[in-house]
A.B. asks: 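Quick one: the structure is below, and I'll ask about it shortly.
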2 protein chains.
Amino acid sequence: MHNINIKELAKALDLSTSTVSRAFRDNSDISKETKERILAKAKELNYQPNHYASNLREQRSKTIAVIVPELANNFFSQAIHGIERIAREKGYHILIYATEDDYEKEVSFIHHLHNGRADGIIMSVSGEANDHNYLNELANKRLPLVFFDRVYEDIITPRVITNDYASSFSAAEHLIKQGCTRIAYLVINKNLSIGKTRMQGYIDALAKYQIPFDDQLVIDCSNSYKKNHSILKKMLREIQPDGVFTSVERLAFATYYACYDLEIQVPKDLKVIGFSSLEIAPLLNPSLTTITQPATEIGVEAARLLFKMLEDPSSVDVNKKVVLDSKLIKRKSTEKTA
Amino acid sequence: MHNINIKELAKALDLSTSTVSRAFRDNSDISKETKERILAKAKELNYQPNHYASNLREQRSKTIAVIVPELANNFFSQAIHGIERIAREKGYHILIYATEDDYEKEVSFIHHLHNGRADGIIMSVSGEANDHNYLNELANKRLPLVFFDRVYEDIITPRVITNDYASSFSAAEHLIKQGCTRIAYLVINKNLSIGKTRMQGYIDALAKYQIPFDDQLVIDCSNSYKKNHSILKKMLREIQPDGVFTSVERLAFATYYACYDLEIQVPKDLKVIGFSSLEIAPLLNPSLTTITQPATEIGVEAARLLFKMLEDPSSVDVNKKVVLDSKLIKRKSTEKTA
DNA sequence: TTGTAGGCGTTATCAG
DNA sequence: CTGATAACGCCTACAA
């Protein structure tokens, strides 16, 4: 495991360690020839400055942490993809943490990150609890934090989100225009910012068209695939909505499965629309009308924002909010039938 | 950004840094009371041992690197999920790198990892080039490496794969039994281990049923969505296969899109089967017959293997090969039609 | 332009 | 059981 270090490289070149070190920094004075000689030799001996020693010395890690609720999810994997790209451009590395929607893990990750491992954090929250105070420790220590998509309203830090209210409004409006009057709203946690905002769009769209709001039609779902399946089957049988609006992708799939089981025809008996980043939504049976968030771009913007904070903390207002537009893409699952 | 350090904590407790340090290591001698007093104070002041200093001192990072071709892919995100879980259990962190199927990036990531950043690497290769020698540097330095799924045959290191040959054989056999005689095999890179092995299963299945192999039916696809679309449309029009077997998920989707465009009916005119980790394959139109790899489990096994190497390098044979079984799940896309 | 020396925060060794 | 000290590898004043 013995990696060559700066001392050995210096000795091999008959130079001092400082000179060698300088060859790897951009700023310092060093003659061009010496620098080239050093870099050539370094390559030959496969020397690379030890990352931990540099970090210890420089007090920064060139690493950012990304915390997401889940990895096996189109939205998050695309967002991470965007973050990774920007990070790579900037010469940063990314650490990935999945909370699995578990509040304890979220707290634990954040705590661990206080040890200097990362220079900043990009996070989409689990939303499982109400005490977010642990995040303020970050602020005290000035570990820059950027939220994306799923945020805590009570924590003041820059965020990248989509126009959730407006897109929910249009989603509900779209269903109404397609003839739905009993529209169920499916949500995982209606207290989490995202569930709340999206619900408000739904409520206001109903109001606009004078459809009374019925809170029986707001269905609280869980993170468990099995539970959702029975919740939804029960709901479809007993409440018999003519439209379903799902606040997260997973619930749209669950709705499809439930409809298959119950032989409910989409879109004839039931129209379905959902937030989703699924790239193959056109291939579903029937193709799914989606509100599609620009997932990769959200990641890109979040990363850009974080790097801006890292470069100059004062250049970014803590209340900064980047809002990107989602797109409503109409497909068969909400088509009018004769 | 000032984090409290061990010195300050020691001073606050009127103890030496060594004693404080001991409270955070498991092995060392220290009285129970002192330890508790230290940990309590540490919590109060929110002290955590600086990760970079520890690493520098201990010469290990408690971090593993995961290199994959792409992130926005069901197989890899599920595999990473599995890796993440095991890593967390072991108290390790994971760094993520996406090569985007770019050989240069792959080489560059590997080189960078020589600086002590990670204690080991779990990797699924891009397969874009033939010179894999750069990986041998790892071996020289003994940076443990585990391959999963997409491997280089010429690099000797432990690997976790699936029974690709057998599952390809059954996939092709399944198509044949459903009445196909002109089966196209779609592949991204037929020289990469995985494309090659899977092709062999296809070829041997044809042979078993005395169907002559026609290399016109082996279709080389690319990583570009657009290019594939036209390649596949051309292929479907000109070669008119009655079955398609795709070696990667993406190509099954591309086939569906092409069929939609050309109004080719699946499964009536064309039967489709593909390697895929898509959880919602049943929801496709028509539902897709898949060979499903145990993606999460592959990640778990790869991580386990790597940790075993980290704990005791000699305990793992470099030729170690963990083979997991994929499952052939029959759905509508390969059904016989009247 | 190059070299010397001290310290980043931690932990292992050794002494008490 | 606890304390002092040196070292991990690197970078930056400062000196030459």
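These figures come from a predicted structure and were not determined experimentally. Chain identifiers are assigned alphabetically (A, B, ...) following the order of the sequence lines, protein sequences preceding nucleic acid strands; residue numbering begins at 1 within each chain.
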A.B. asks: Please confirm whether the shortest side-chain N or O distance from B:Q48 to OP1 or OP2 of C:dG9 is below 4.0 Å.
C.D. replies: no
A.B. asks: OP1 or OP2 of D:dG3 versus the side-chain N and O atoms of B:T19: is any pair under 4.0 Å?
C.D. replies: yes
A.B. asks: Let me know, please, whether A:T17 or A:K32 comes out on the 5' side of the other along DNA chain C by nearest nucleotide.
C.D. replies: A:K32
A.B. asks: So does B:S54 get a side-chain nitrogen or oxygen closer than 4.0 Å to the phosphate oxygens (OP1/OP2) of C:dT10?
C.D. replies: no
A.B. asks: In whole angstrom, what separates A:I38's CD1 from C:dG3's C1'?
C.D. replies: 12 Å
A.B. asks: Heavy-atom count around A:K320 NZ within 6.0 Å, excluding the residue itself: above 12?
C.D. replies: no
A.B. asks: What is the nucleic acid contact for B:S18, judged by heavy atoms within less than 4.0 Å: base, sugar-phosphate only, or nothing?
C.D. replies: base
A.B. asks: Separation of A:I6 atom CD1 from C:dG3 atom C1', in whole Å?
C.D. replies: 13 Å
A.B. asks: Take the protein atom CG of A:N115 and the nucleotide atom P of C:dC8, then report the distance between them rounded to whole Å.
C.D. replies: 18 Å
A.B. asks: What integer distance in Å separates A:K7:NZ from C:dG6:C1'?
C.D. replies: 13 Å
A.B. asks: Would the distance check show the side chain of B:D119 and the main-chain N or O of B:K62 forming a donor-acceptor pair, the cut-off being under 3.5 Å?
C.D. replies: yes
A.B. asks: Could you tell me whether A:R304 and A:E301 make a salt bridge, using a distance below 4.0 angstrom between a side-chain N and a carboxylate O?
C.D. replies: yes
A.B. asks: Measuring to OP1 and OP2 of D:dG9, would you say a side-chain N or O of B:Q59 lies under 4.0 angstrom away?
C.D. replies: yes
A.B. asks: Just to confirm, is there a sub-4.0 Å distance from OP1 or OP2 of D:dG9 to any side-chain nitrogen or oxygen of A:N5?
C.D. replies: yes
A.B. asks: In whole angstrom, give the distance that lies between atom NE2 of A:H114 and atom C1' of C:dG9.
C.D. replies: 18 Å
A.B. asks: Return the value, rounded to whole Å, for the distance between atom NZ of B:K62 and atom P of C:dT10.
C.D. replies: 17 Å
A.B. asks: Do the side-chain N or O atoms of A:T34 get closer than 4.0 angstrom to the phosphate oxygens (OP1, OP2) of C:dT1?
C.D. replies: no
A.B. asks: Would you confirm whether A:Y52, through its side chain, and B:R117, through its main-chain N or O, come within 3.5 Å as a donor-acceptor pair?
C.D. replies: yes
